[in-house]
K.L.:
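What follows is a single structure, and I will ask about it in a moment.
Starting from 1, each residue takes its place in the sequence as its number. What's counted below: heavy atoms across the whole structure, side chains too, no hydrogens, waters or symmetry copies. In this text the structure is predicted, and so the values were computed from the model without any measurement.
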Amino acid sequence: MRRAWLLLAVALVVTACGDSDVEVANVGETAITLSELQTLRTSYQGIGTLTTSEPLRSDVSNLIIQRAAQDRLGDDFGLRITEDEIDAKLASLNPAEAAAIENFKQTPGNADVTDGYEREFARSFLIQGKVREALVSDPGLQFDILQNQPELVTSVCANHILVATQQEADDVMQRLGAGEVFAAIAADVSLDQVSPGGRLTCPAPATASASDRFVDAVMLAPVGEHFGPVETEFGWHVLLIDARETVTPEQFAADPVSVIDPEWLSRRFTEWFRTVLDDVEISVDERIGRWVPEAFGIAPPE
């Protein structure tokens, strides 16, 4: 959940009265304490007194969403996240994850973030990873995908020639039938000049195209044969499939996240994530502000 982190201080104070475990918010039965908040920024550390600000409200909002997601992870899948797992994750961040943390730290207004924020990022990465694995671990779902949506676990090496009309596509098929080279015709007439010789990324998920008709075609076309014409919203295509491979049930079961269409899995994760705040009672210390469900955030105190 990305937010603007603006330094717009408001002249209100949240006082812990010397108790760093004072609850600043609650997510169901999970409390978010001042001591947790103080681990995120050096500006929150001190003698138990924090100036209420937009960054503080955003930080508390993000902790609320994070804790709701972690609780839902347990409720839906029986999974937990341990501090040891967070340590291990921080020691093995992939480049995209490391870049996300670094970009956040470099954002104006975030010069005071501490290692505690890095731990929350790691927790978020773990939640996402565990949910994704759980979403595709069901053997029944895997069987259904292999039977009814094999394109989600199929990779292809495809070539295409894109033209504007069916007549042009028919002409391409005639030229191919007469023995002309596919790549030469693509260079001559194809509207897709980004793919030299008509060669698309290889290998690529069968679902890589934005067109459902194109996806159907690359799954249907015989390997090694000219196929078409196929009409999509982009025009008319003539295809040549060099290779197509669908994972086996054993490969799917062994590592489902790595073999399934990443965009499909991202959509499933997003659908799950949208449910994390459903039916959860959320309260915020009124000195910080008021939780606004529609905004997934905290409004300033009135």
K.L.:
Would you indicate whether the side-chain heavy atoms of Pro229 and Asp170 approach each other to under 4.5 Å?
P.N.:
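Side chain of Asp170 against side chain of Pro229, heavy atoms only: contact under 4.5 Å found.
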K.L.:
Within a strict 4.5 Å, meaning less than it, do heavy atoms of the Glu36 and Arg67 side chains meet?
P.N.:
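Result yes, sub-4.5 Å side-chain heavy-atom pair found.
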K.L.:
Could you tell me whether the side chains of Tyr44 and Asp112 share a donor-acceptor contact shorter than 3.5 Å?
P.N.:
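No, no side-chain donor-acceptor contact under 3.5 Å.
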K.L.:
Is the shortest side-chain N to carboxylate O distance from Lys105 to Glu118 below 4.0 Å?
P.N.:
yes
K.L.:
Does Asp59 reach the side chain of Leu56, with side-chain heavy atoms less than 4.5 Å apart?
P.N.:
no
K.L.:
Verify, without hydrogens or angle tests, whether Glu168 (side chain) and Thr165 (backbone) share a donor-acceptor contact under 3.5 angstrom.
P.N.:
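A pair under 3.5 Å: yes.
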K.L.:
Do you know which two heavy atoms are closest between Gln251 and Val259, and how far apart they sit?
P.N.:
O-CG1, 4.4 Å
K.L.:
Evaluate the side-chain proximity of Val238 to Leu176: yes if any heavy-atom separation is below 4.5 Å, no if none is.
P.N.:
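They are in side-chain contact.
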K.L.:
Below 4.0 angstrom, N of the basic side chain to O of the carboxylate: do Glu85 and Arg123 qualify?
P.N.:
no
K.L.:
Return the CG to CD1 distance between Leu79 and Ile81, rounded to the nearest 0.5 Å.
P.N.:
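So the gap between those two atoms works out to 8.5 Å.
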K.L.:
According to side chain to side chain donor-acceptor pair (under 3.5 Å), who are the partners of Thr246, at least two apart in sequence or on a separate chain?
P.N.:
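Checked Thr246 against side chain to side chain donor-acceptor pair (under 3.5 Å); matches are Thr154.
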K.L.:
Counting the benzene-type ring for Trp, do Phe214 and His160 have ring centres under 6.0 Å apart?
P.N.:
yes
K.L.:
Residues two or more places apart in sequence or in another chain: which of them pass side chain to side chain donor-acceptor pair (under 3.5 Å) with Ser155?
P.N.:
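With neighbours one apart ignored, the set is empty.
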K.L.:
Are side-chain heavy atoms of Phe296 and Ile64 found at a separation under 4.5 Å?
P.N.:
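No - every pair of side-chain heavy atoms lies 4.5 Å or more apart.
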K.L.:
Give a yes or no answer on whether the side chain of Gln149 reaches the backbone of Leu146 with a donor-acceptor pair at less than 3.5 Å.
P.N.:
no
K.L.:
Salt bridge or not between Asp188 and Arg175? Use side-chain N to carboxylate O under 4.0 Å.
P.N.:
yes
K.L.:
So which pairs with a foot in residues 239-267 pass salt bridge (charged side-chain N to carboxylate O under 4.0 Å, His left out), sequence neighbours left out?
P.N.:
Arg199-Asp242
K.L.:
How about Trp264 and Thr207: do any of their side-chain heavy atoms sit closer than 4.5 Å?
P.N.:
no
K.L.:
Pairing donors with acceptors under 3.5 angstrom, does anything connect the side chains of Glu102 and Gln106?
P.N.:
yes
